[in-house]
Enquirer: 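Take a look at the following structure, please.
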There are 2 protein chains.
Amino acid sequence: MDFRLLKHFITLSDTLHFGRASELCHTSPSTLSRSLQQLENELATTLIERDNRHVSLTPQGMHFQRYARDTLDQWETIKRTLADEAAQLTGDISIYCSVTASYSFLYELLSDFRLQHPGIEFKLHTGDPANAMNRVLSGDDDMAITPRPRTPPPALAFKSLTRSSLVFIAPTSPAEWLPHTPESSTAQQWETVPMILSEAGLSREYADTWFRALGVTPRIYAQVAGHEAIVSMVGLGFGVGVVPKIVLDNSPLAESVKILHVKPELPYYDVGLCVLNRRLKRPRIQALWEAVSERRP
Amino acid sequence: MDFRLLKHFITLSDTLHFGRASELCHTSPSTLSRSLQQLENELATTLIERDNRHVSLTPQGMHFQRYARDTLDQWETIKRTLADEAAQLTGDISIYCSVTASYSFLYELLSDFRLQHPGIEFKLHTGDPANAMNRVLSGDDDMAITPRPRTPPPALAFKSLTRSSLVFIAPTSPAEWLPHTPESSTAQQWETVPMILSEAGLSREYADTWFRALGVTPRIYAQVAGHEAIVSMVGLGFGVGVVPKIVLDNSPLAESVKILHVKPELPYYDVGLCVLNRRLKRPRIQALWEAVSERRP
DNA sequence: GACGCCTATTGCGTAAAACGCTATATTTGC
DNA sequence: GCAAATATAGCGTTTTACGCAATAGGCGTC
C-alpha cells in the first residue's frame, strides 16, 4: 500500500470525476483508475461505485475516506515531528562515574549543556571507577568519568578534565599500627599496617606499584569497590587507605581521616571523560563532547 | 511511502541486524538497506545509526517505530472493518413516497428487512406522488412509491405493490352543487361542481381524461399538491375531489367524506416501487429490491 | 429514435524502478 | 595480524508502472 494510492483515492472521492481528479494528481486517468483498482483489490471491497457515466462513494468508501485522511495527516505530522526532533537534539545520554565525580564534575559539565539542549535527558550511573571503561566499551553507558589508563583502548576517545593525586589516608584516631614516620618510609613500618585498597582500577595498580618499589607485600585488610567506601572504612579506624585526593575533598567524612604525606608520593593521574569512538557519530554525544572541549577557556 | 518500507523498518528495528531482518522479510539485505535509505530520505532524518558492525536506533528511530506500528495496526483494522461492513450491508436507503404510502405500505415493506439488515438506515421523504419519479430520476432519493405510469422511463425499474382505484369523494355534509345522480353522469350536472384535483400526476391525468370523455370542462376550485390535502379540503366542504381509494382508507378524515360511485368508473392503477436501474447494482438497494419480490407469497 | 458527446476502462509499447548477486570497505574477535 | 562478519555500492536483469490510443457504454439532443 502506497500513500499515493490514498492521495488518489481522496482526490477522486472529492471530485467524483476521474478526468478532473487526474489533473489534480498530475497523472493520467488510466493511472487513477488502476490506483483505485489496486486499492480495492488490497481491501477486497468496492470503494467507489462507477460506470462510464457516474461515480459515487460506497458506504465503505466513505469510511475509508476518513481513514485515508487521518493516515495522511499522521504521516505529515510524524514528518514534521521528526524534523523538529532532528533540529533540536533529543534522546538519552547515559554517563557512568563515581559518586565523587557526580558531586564534583558533573554539575559543572552539564549545567550549561542542559539549558542549550533541553531535549536531551541524562541517565547517571554511579559505581566503582574501575568498571568505568568496561561499561563504555560494552555499550552499557555512553560515557564515563574515569582515570585515564596508561594505554587507552583504541576504540575509546579520551578527554582530560582534571588531574588528581592519590593519597594515603589514615584515621585521625590513634592506632598502634599507624606508621610513625610516613615521610621516610621504611619497609618494616608498612608491613603490619592494615591496608584498605580498591579491588581493581588505577588506584590499586598505583598502590601496588608503590609497595613493590618499597619491597613490601602489604597486609591487605579489605578490598573495596568504590573509593568512597574506603574513606568510610578508614574513618572508622579499620586501617590505612589509598584514594584520589578529590574523593577526600568531596567526602563528608573528611574530618575523620588525615592525609599521610608519604615519600615517595603516589603519582598524579588524569581524570577524564571517555566515549566509544563510534558513538561520537551520534549528534547528541558529539554535541556534549564538543561542549566539554569548549568549556572553561 | 509504501507500507513495505514500514514493515522493513520495524523488522530491522526489532532485530537490529540486516541479515536476519532480510530473512524475516523474505528479501535480500541490499533491498533492506535501500528501503531504509528511501525512508530516511523521505523523512530527511536518520532513523538507524549503523556501520559495518553495529546497528542501533536513533531517538527519531524509536519515535518512528511507534508511528510505524500504529500505522500498520490501523491498516489492518480498516481492512477488517471494511470486510465486516461488506459482509453486513450498511449505508442509507432514501425512499420517497406519499404520507399515505408511508402509513400503508412501508411498515410491511421494511419491518422484516430492518431485522435482517440492521446496518442499513432508511431516510424517508414524504410528498406529492407526482414528484416521485423525478426524485428518483434525479438521484435525490434511491426509491419511490408511486403510481406506475403508462410508459415508465427506461432508466427506471418498476415493481408493483398493489392496485388501487381512483374515486370521486364528496363531503358528507349537503351542498347544492353535489351531483344528484352520480351513477349516471350527465355533462351539465358536473359543469358546476367545484373540483379539487392534483396539480399533476397520474390521478390528475386520469381525472382529466374522464372529464374529457364526458365532454365537460370541469370547474376547478383548487389544485393541490398531495392527495391527503384533497381529502382535507373535500371534508371541509369545498368541493368534490379525486383521490386514490387507498388514501381515503388511511385518512383520519374518512368520516367527513363519502365516495361518489360515478359511471364510468375511474381506472385502476398500479402502485409500485421504482428505482434507477443503475442503482440496482448497489448491494443494499439490490437486497431491498429482492426482498420486495419475495415478500408475501 | 438515432446520433454524438462524455467518460471510465483496457491493451500495449515504452520507460522506470526495484531486485538480487557480487564485490568492497571496515570493524571486531581470536 | 588475520579471518570472520556485515552494511553498502555497482550492475545486469526482471518486474512494475505509466501514458497513449482505442473501446464500451450511458445520456442528452435534434
Side-chain angles (χ1 to χ4, degrees), chain A residues 1-5 7-9 11-13 15-42 46-58 61 134 136-139 153-157 276-281, chain B residues 1-5 7-9 11-13 15-42 46-58 61 133-134 136-139 151 153-157 276-281:
Chain A
M1 227 288 300
D2 194 300
F3 279 0
R4 193 159 26 83
L5 298 185
K7 294 202 188 85
H8 286 180
F9 170 75
T11 312
L12 196 50
S13 65
T15 63
L16 294 179
H17 191 287
F18 280 74
R20 278 188 280 283
S22 67
E23 285 179 20
L24 291 172
C25 291
H26 308 292
T27 183
S28 69
S30 57
T31 296
L32 213 63
S33 177
R34 289 190 176 99
S35 292
L36 189 58
Q37 287 169 16
Q38 193 177 333
L39 210 48
E40 291 185 330
N41 277 338
E42 287 192 63
T46 305
L47 297 175
I48 292 187
E49 191 79 47
R50 53 202 188 275
D51 59 23
N52 294 344
R53 204 70 189 174
H54 305 89
V55 179
S56 66
L57 280 177
T58 66
N134 283 334
V136 173
L137 280 169
S138 67
L156 289 184
L276 274 172
N277 272 314
R278 66 169 190 273
R279 290 220 175 162
L280 279 175
K281 284 185 290 192
Chain B
M1 225 288 300
D2 195 299
F3 279 0
R4 192 159 25 84
L5 298 185
K7 292 201 188 89
H8 287 181
F9 170 76
T11 311
L12 195 50
S13 64
T15 64
L16 295 179
H17 191 288
F18 280 73
R20 278 187 280 281
S22 67
E23 285 180 19
L24 291 172
C25 291
H26 309 293
T27 183
S28 69
S30 55
T31 296
L32 213 64
S33 177
R34 289 190 176 100
S35 292
L36 188 59
Q37 286 170 15
Q38 192 177 335
L39 211 46
E40 291 184 331
N41 276 338
E42 287 192 62
T46 305
L47 297 176
I48 291 187
E49 192 79 48
R50 54 203 186 275
D51 59 24
N52 293 347
R53 204 70 189 174
H54 304 89
V55 179
S56 66
L57 281 176
T58 64
M133 283 198 314
N134 282 334
V136 174
L137 281 169
S138 67
T151 57
L156 288 185
L276 273 173
N277 273 313
R278 67 168 190 272
R279 290 218 175 162
L280 278 176
K281 285 185 291 192

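Numbers restart at 1 for each chain; the letters A, B, ... are given by sequence-line order, proteins then strands.
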Enquirer: Is any side-chain heavy atom of B/Leu39 less than 4.5 Å from a side-chain heavy atom of B/Met1?
Expert: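 Yes, at least one pair of side-chain atoms sits under 4.5 Å.
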
Enquirer: Taking all non-hydrogen atoms of both residues into account, name the closest pair between B/Glu42 and B/Leu5 and its distance.
Expert: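 Smallest heavy-atom distance, with atoms named: OE2-CD1, 4.0 Å.
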
Enquirer: Would you tell me if any nitrogen or oxygen in the side chain of A/His54 comes within less than 4.0 Å of OP1 or OP2 on C/dC6?
Expert: no

Enquirer: Among the nucleotides C/dT7, D/dT6, C/dT28, which one has an atom lying closest to any side-chain atom of A/Arg53?
Expert: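 That would be C/dT7.
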
Enquirer: Could you say whether B/Val55 or B/Arg34 is positioned toward the 5' end of DNA chain D, judged by the nucleotide with the nearest heavy atom to each?
Expert: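 Closer to the 5' end of DNA chain D: B/Val55.
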
Enquirer: Decide yes or no, distance alone: a donor-acceptor N/O pair under 3.5 angstrom between the base of D/dC20 and the side-chain of A/Ser28.
Expert: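 No such pair is found, so the answer is no.
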
Enquirer: Return the value, rounded to whole Å, for the distance between atom CD1 of B/Ile48 and atom P of D/dT8.
Expert: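 Rounded to whole Å, this separation is 9 Å.
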
Enquirer: For the side chain of A/Ser30 and the base of D/dC20, is some donor closer than 3.5 Å to an acceptor across the two?
Expert: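 Flag set: donor-acceptor pair detected.
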
Enquirer: Remember a base hit wins even if backbone is also touched, and classify B/Gln38 as base, sugar-phosphate or nothing at under 4.0 Å, heavy atoms.
Expert: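 Sugar-phosphate, no base atom in range.
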
Enquirer: Atom CZ of B/Phe18 to atom P of C/dT26: distance rounded to whole Å?
Expert: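 These atoms are roughly 17 Å apart.
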
Enquirer: Distance check: side-chain N/O of A/Thr31 vs OP1/OP2 of D/dG19, anything under 4.0 Å?
Expert: yes

Enquirer: Would you indicate whether the side-chain heavy atoms of B/Asp51 and A/Lys281 approach each other to under 4.5 Å?
Expert: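 Yes. Closest side-chain heavy atoms under 4.5 Å.
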
Enquirer: Rounded off to whole Å, could you give me the CD-to-C1' distance for the A/Glu49 and D/dG26 pair?
Expert: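 So the two atoms are 15 Å apart, to the nearest Å.
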
Enquirer: Tell me whether the OP1 or OP2 atom of D/dA7 has a side-chain N or O from B/Gln37 closer than 4.0 Å.
Expert: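 No, outside the criterion.
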
Enquirer: Describe the nucleic acid contact of B/Arg4 in one word from base, sugar-phosphate, nothing, applying a heavy-atom distance below 4.0 Å.
Expert: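 Contact class for B/Arg4: sugar-phosphate only.
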
Enquirer: Figure out the CG/P separation between B/Leu280 and D/dG26, and round it to whole Å.
Expert: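 After rounding, the reported distance stands at 13 Å.
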
Enquirer: Would you say the side chain of A/Ser22 lies within less than 4.5 Å of the side chain of A/Ser28, judging by non-hydrogen atoms?
Expert: no

Enquirer: In whole angstrom, give the distance that lies between atom NE2 of A/His8 and atom C1' of D/dG19.
Expert: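 So the NE2-C1' distance, A/His8 to D/dG19, works out to 13 Å.
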
Enquirer: Let me know the distance between CG of A/Leu137 and C1' of C/dT27, rounded to the nearest Å.
Expert: 14 Å

Enquirer: Using whole Å, report how far CD of A/Glu42 lies from P of D/dT16.
Expert: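 Taking CD of A/Glu42 and P of D/dT16, I get 13 Å after rounding.
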
Enquirer: Between the base of D/dT6 and the side chain of B/Asn52, is one N or O donor paired with an acceptor at under 3.5 angstrom?
Expert: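 Per atom types, no contact qualifies.
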
Enquirer: Can you check the A/Arg50 CZ to D/dA24 C1' distance for me, whole Å?
Expert: 15 Å

Enquirer: Taking only N and O in the side chain of B/Thr27, is any of them less than 4.0 Å away from OP1 or OP2 of C/dG20?
Expert: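 Yes.
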
Enquirer: Kindly indicate whether the side chain of B/Met133, heavy atoms from C-beta on, has any atom under 4.5 Å from the side chain of B/Pro153.
Expert: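 When only atoms from C-beta onward are counted, B/Pro153 and B/Met133 do touch, with a gap below 4.5 Å.
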
Enquirer: Taking only side-chain N and O atoms of A/Arg278, does any of them lie within less than 4.0 angstrom of OP1 or OP2 on C/dT28?
Expert: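 A/Arg278 to C/dT28 OP1/OP2: side-chain N or O found under 4.0 Å.
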
